[in-house]
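Computed from a predicted model, the values in this text were never measured in an experiment. Below, chain A is the first sequence line, B the second, and so on; all start at residue 1.
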Amino acid sequence: EAGVAQSPRYKIIEKRQSVAFWCNPISGHATLYWYQQILGQGPKLLIQFQNNGVVDDSQLPKDRFSAERLKGVDSTLKIQPAKLEDSAVYLCASSLGAGLGVNEQFFGPGTRLTVL
Amino acid sequence: GENVEQHPSTLSVQEGDSAVIKCTYSDSASNYFPWYKQELGKRPQLIIDIRSNVGEKKDQRIAVTLNKTAKHFSLHITETQPEDSAVYFCAAGSGTYKYIFGTGTRLKVLA
């Protein structure tokens, strides 16, 4: 079974620039998550999709962050414009979801973003 | 708001000793409690999980206990080995499939 795929793996940008991350979840997984993991901290949920609908985006800084999952499969997360404090690893995860009860989330390798 | 507290933040043990990491959650609707291990530069990997209808679960050297009344759960690693060195995260999940993660525990197993 293929795992969660993310790209790029690393990205370095200057502040005020824009950046986009891509995630392809495990086939058949209805729920997709984007997390921000700052060095030394636990993953913080940014946004949760159930198929192509948003379930929770309460911690997404909507003035600069946006995410979409148009066809209920792949997802993109965008930051525009980036700030220094956005430097972190952005993790995508997926789970079966869809009425099966809470279950294991599988994580992608993450994208390490450095904002200079 | 929903919160998961995790202690200690760092833990050093001698090889062969046991390690215990504790988490406390605030959301009484939480019903799923996974533990993830994250090695440096790698993705979090599930090592064990427990559901709210079970008080204890064991898998070889790893065990998790859950006290629903007190809203806390713990990870126990026995006979620790150097390869157990990593950061461990607890999480509390609810019916919306959402996890709240703890802040992590950096475990060092000294040879």
Side-chain angles (χ1 to χ4, degrees), chain A residues 1-7 9-10 23-26 29-51 53-60 88-112 114, chain B residues 1-10 21 23-25 27-54 57 59 64 66 73 75 86-107:
Chain A
E1 174 183 272
V4 177
Q6 287 187 249
S7 67
R9 293 294 312 278
Y10 306 91
C23 173
N24 181 237
I26 292 173
H29 280 195
T31 312
L32 184 147
Y33 311 80
W34 282 103
Y35 290 92
Q36 180 192 59
Q37 187 175 26
I38 293 173
L39 188 64
Q41 299 182 17
K44 170 190 159 186
L45 180 68
L46 293 175
I47 189 166
Q48 175 184 343
F49 292 95
Q50 181 72 12
N51 297 308
V54 175
V55 174
D56 188 327
D57 64 356
S58 57
Q59 297 197 84
L60 186 74
V89 174
Y90 290 84
L91 291 164
C92 179
S94 70
S95 69
L96 280 170
L100 298 174
V102 182
N103 41 50
E104 180 180 358
Q105 292 185 19
F106 295 84
F107 284 85
T111 296
R112 182 177 298 277
T114 302
Chain B
E2 302 152 339
N3 184 48
V4 175
E5 294 186 358
Q6 183 171 347
H7 300 280
S9 57
T10 60
I21 303 170
C23 288
T24 304
Y25 61 98
D27 185 359
S28 55
S30 298
N31 55 16
Y32 177 68
F33 306 92
W35 286 89
Y36 283 81
K37 176 183 181 182
Q38 188 174 30
E39 297 179 43
L40 189 62
K42 297 190 176 180
R43 74 189 77 188
Q45 300 266 18
L46 180 75
I47 56 171
I48 195 167
D49 58 11
I50 191 168
R51 297 189 183 273
S52 58
N53 58 349
V54 176
K57 184 176 178 180
D59 182 3
V64 58
L66 171 65
F73 55 111
L75 177 71
V87 178
Y88 291 81
F89 293 99
C90 64
S94 66
T96 58
Y97 320 122
K98 174 181 175 179
Y99 289 6
I100 303 296
F101 279 89
T103 49
T105 296
R106 182 173 299 279
L107 174 64

Sequence-distant partners of B/Lys57, salt bridge (charged side-chain N to carboxylate O under 4.0 Å, His left out), two or more places apart: B/Asp49
From CZ (A/Phe106) to CG (B/Leu46), nearest 0.5 Å: 7.5 Å
Side chain, backbone, both or neither of A/Val4 within contact of chain B (heavy atoms, under 4.5 Å): backbone
Residue part contacting chain B, namely of A/Gln41, when any heavy atom lies under 4.5 Å: backbone
Minimum side-chain heavy-atom gap B/Lys42-A/Phe107 below 4.5 Å: no
Within-4.5 Å side-chain heavy-atom neighbours: B/Lys98 and A/Val55: no
Option in A/Gly110, A/Ser95, A/Gly40, A/Gly108 with maximal non-hydrogen atom pairs under 4.5 Å from chain B: A/Gly108
CA sep, side-chain torsions, deciding dist, call: B/Tyr99, A/Tyr35, ring pair (Phe, Tyr, Trp, His ring centres under 6.0 Å): CA-CA 11 Å; B/Tyr99 289 6; A/Tyr35 290 92; 7.5 Å; no
Toward chain A, the part of B/Gln38 with a non-hydrogen atom under 4.5 Å: side chain
A/Gln105 portion near chain B, given a 4.5 angstrom heavy-atom threshold: both
Which portion of B/Pro44 sits near chain A, non-hydrogen atoms under 4.5 angstrom: both
Please table the atom pairs, donor to acceptor, closer than 3.5 Å between any side-chain atom in residues 100-107 of chain B and protein atoms at least two apart or in another chain.
| residue | atom | partner | partner atom | Å |
| --- | --- | --- | --- | --- |
| B/Thr105 | OG1 | B/Gln6 | NE2 | 3.0 |
| B/Thr105 | OG1 | B/Pro8 | O | 2.5 |

